[in-house]
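Before any comments, here is the structure.
Residue numbers begin at 1 in each chain, while the letters A, B, ... track the order of the sequences.
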Amino acid sequence: MDYDFLRIEKEWQEAWNKDSKYKVDEVEGKPKFYVLDMFPYPSGAGLHVGHPLGYIASDVVARYKRHKGFNVLHPMGFDSFGLPAEQYAIQTGQHPAVTTEANTDRYRDQMQKIGFSFDWSREVMTSDPSYYKWTQWIFGRLFESWFDRDAGKAKPLNELIKAFDANGNFSVNPACDDNWWEGLDMELFPHFGSHFAGTFTATDWGSFNDAQKNAILMQFRLAYLADSEVNWCPELGTVLANDEVKDGLSERGGHPVEKKKMRQWMMRITAYAERLISGLDDLNWTDSIKEAQKNWVGRSEGAIVRFKTSFGKDVEVFTTRPDTIYGVSFMVLAPEHELVGALTSDENRSAVDEYIAAAKRKSERERQGEKEVTGVALGGSVLHPLTGAEIPVYIAEYVLAGYGTGAIMAVPAGDERDWKFAKHFGLDIPAIFEGVDTDEEVCVDDKAKLIASADLNGLTKKEAIPAAIEILETCGQGEKRVNYRLRDAVFSRQRYWGEPFPICYVDDIPQLIEDELISLPSVDAYLPTKDGEPPLARAAKDDWPVFKGDRMETNTMPGWAGSSWYFLRYMDPHNTESFCDRSKSDYWGQVDLYVGGAEHTTGHLLYSRFWTKFLCDLGFIGFDEPFKTMINQGMILGRSSFVYRVQGTSQFVTYEKRKEHKTQRLHVDINLVENDKLDIEGFKAWREEYADAEFILGDDGTFTCGHEVEKMSKSKYNVQTPDELVEKYGADTLRCYEMFLGPLTQSKPWDTQGISGVHNFLRKTARLVSASEEKEARVEELRIVHKTIDKVSSDLERHAFNTVVSAMMIAVNELGGLKEPCSKAALKDLVILLSPYAPHLAEELWNVLGGEEFVIEAVWPKANSQYLVSEKVIYPVSFNGKVRFKLTLPADMPADEVEKIAREDENTLKQMDGREIRKVIVVLGRIINIVG
RNA sequence: GCCCGGAUGGUGGAAUUGGUAGACACGUCAGACUUAAAAUCUGAUGACCUCACGGUCGUGCGGGUUCAAGUCCCGCUCCGGGUACCA
């Protein structure tokens, strides 16, 4: 039988579609399994072979779980809001929705050709109004909620208002910024004065007008407005991400970028900091991802310490080592710290200003990477809270404004960086550790006992920390504090192609527009306005589908808004009454297996967890972690091919002889190369300049290309799309090959050299089946098949996708090596094993073997242990660990008998050569080791 | 700088709990079939020494534990990813 994969794949895809084989519904009583893939952004370039890697793995699992009797939810959709479509719209004027649709069509088509078992009836698209209506709705819930620190969960805002009505803010503990009242516009509260410290009574609250109440409530909402510093590029009229800024200029166009405070929507993810850490415990994720998330949240325990100044304002520092407070000899502020100006003396001012300006020009990254010790003294000083000593104040890049309080107390004796700083500037290093000469080296020993530290003398770090905090609390100069690195997330974007906010303003007070879809208004251009307003500001009142209040919010939501909850929408994609009916989310529950890249560790995965926890707190769903088990697939790198041109000529020299000439290495399109041999005619036709190329061939008359593993990119001509491979070898081959390449989690080069081996395996399988006969299965066939069932099943359970393919290859080789043709009965089980990997061929072969219905619905075979045990064991006999010969013995022979036979074997006598056997180790069924 | 991965033949990789290192596949070489080619099939293929039998070395490097180490421990090197000098 010829393996006509094109016909087979087309036919069976049509057959499955006709019967809607992959459409699922909730079935009470049937166990569910939810397999989710990374949400793709449909770019104009289409899928390349790296994309399907994870999709194939998840599809294999989905199919396997169906065979095992699970009701499998395996959906696909598109994260279709995004910058490239907007960029294209700016250039061409074409509405991004048009581009997006064309791109999603291409993606869908490509995926369908690979034969994924997605339930396409559940497809969602974040840019579809019927989807983003619910993204807006979730935003609305966040806007109308606060986080109760005492209860550790989010609650509706009206509960907070009730509490304010009853007791002011004395009996509630809502999550908010430190010194939240500093975020208020004090002009709104003329009667508060400068001593207002954030407490108000029920009477106060009752006396507030709407604007005042709103301003206060804004400090506690989970979605709130605040001034946030951004990279503003006036020329582009837009805000840039950190990595879009290089040396203070925009990467695109090289325009100046300035720091600017802008009123932005924010998400209070910090309220969930603790739960984002503790929730990791129950997840089946790799330790490295959990670690990265923990580090990102960055919990550290320590204390706030206040240092007095001469002008009445304290400088607060956060420290994890309050025990070393008597070792403080100077203080360092971030260059951006608000008190820098007040602490700077006149004679130091110009040096300070210069340092600040230099720091400002550097990106955050550059500042972090700086190894040199830099800083400058302000001239001013603060008072030590316990000793009253004058502490000089510096600014330095290594102190970041965004972490802690943006100020540190420096203890050079006990901190590496502070020590280097002190040495560099010749500052005091007070000795505070017993027996350590901290003038010579910094002390990092946690067991070191404190000296010269008053009441803390003789204590170790562990004992002294609580003691120090107590001292500070007693004198009112500080208190215990848990600090997080995590910052609230900016949720506004000055873009067109994103979700509009369901917000309008009345007298500058934001109002939530409930129960109405705010779809994107049409605009005349997708650029910011001349005044730097976002593109939506171009829409006139009539352009808006809904226009309320004085003006509409003109920012849009960021890319992660829609992708933070898509896994929920898949459960109930067409619901017009709710984002997802509770009965559906109760049935499908958490995602049982998520296959995605590690690049989303600190973005998408954190935001999804945040939204899931929030929706759970309000009772909209019944679980508070989205992804129970996660596998992170590795990157697929490209394998570039090169030709060598003799310099200054149009002569090209084959790889082996390239050193005989002075050559230039040029990328050549990998489509013109097979097994490193160049298609010379194709090469000549590739580009006009090569039409007259001459070739210095190898001794075998062929032209060999060089190669290198690089990132896949258009400019390197090494992009491999799945389409060509599907056409050339078939989807089943592509699927098997991507799995066969190696462990899913590892990055690896894409190299089509090995694909023929996998294709061959499928062809051999087809041949084996077509040669099979209707007869009873023989024991030797059953041994092979059942061994394979056992191996494939256990490998799939531990997600070892690559070794499954090897195991099936071995089975086919062994069955093919038998003297007689195989029985159809034995092959049927094998074809079921094959079906998750090569569903089309499996379906075809199942049909040939006379299988009932569809193979994709067949019950997964069970390995019969009767065929797994063998009567004999081949023992390798080693001497001092080196294998010398083999002994075939009955499998049930007891250890002492095995040892006896091994001792007496003539090979043993020969190996020992008269020496005495000191010891014999027998591991039953495994190995014999003789020590002598 | 810090954190997390990784390093096994010419290549991708296998070795699941410390127990025969190199499964499976590619590539290469040789052979069969063929007028020839393609396709297919068979065999060889870690390095070195040896006609052979056989032996020595061998999982990035240096040590260690063990009857036995790719696997465990200590110290390095190089590569990849993440990143925030996190006080």
Can you check the distance between B:U16 and B:A21, where both ends of the measurement are the C1' atom (answer in whole Å)?
16 Å
With P as the reference atom in both, quote the distance from B:U83 to B:C29 in angstrom, rounded to an integer.
46 Å
[X]-[Y] aromatic ring centre distance below 6.0 Å:
X      : Y      : answer
A:F330 : A:F425 : no
A:F801 : A:Y837 : no
A:W750 : A:Y737 : yes

Under the side chain to side chain donor-acceptor pair (under 3.5 Å) test, which residues partner A:T270, sequence neighbours left out?
A:D488
Taking protein heavy atoms under 4.0 Å as touching, what does nucleotides 4-9 of chain B look like 5' to 3' if B marks base contact, S marks sugar-phosphate-only contact and - marks none?
S-----
Closest of B:A87, B:U40, B:U20 to the A:K886 side chain is B:U20
Any chance the side chains of A:Y64 and A:E797 put a donor and an acceptor closer than 3.5 Å?
yes
Looking only at side chains, do A:T745 and A:N632 share a donor and an acceptor under 3.5 Å apart?
no
For [N], take OP1 and OP2 only and decide whether either is under 4.0 Å from a side-chain N or O of [X].
X      : N     : value
A:N802 : B:A23 : no
A:N632 : B:G81 : no
A:R485 : B:U83 : no
A:K294 : B:C86 : no

Just to be sure I understand the rule, does [X] reach a base, reach only the sugar-phosphate, or reach nothing, if contact means heavy atoms closer than 4.0 Å?
X      : result
A:I810 : sugar-phosphate
A:N483 : nothing
A:N813 : sugar-phosphate
A:R926 : sugar-phosphate

Pick one for B:G9: is it syn, with its angle within 90° of 0, or anti?
syn
How close or far is atom C1' of B:A87 from atom CZ of A:F307, stated in whole angstroms?
12 Å
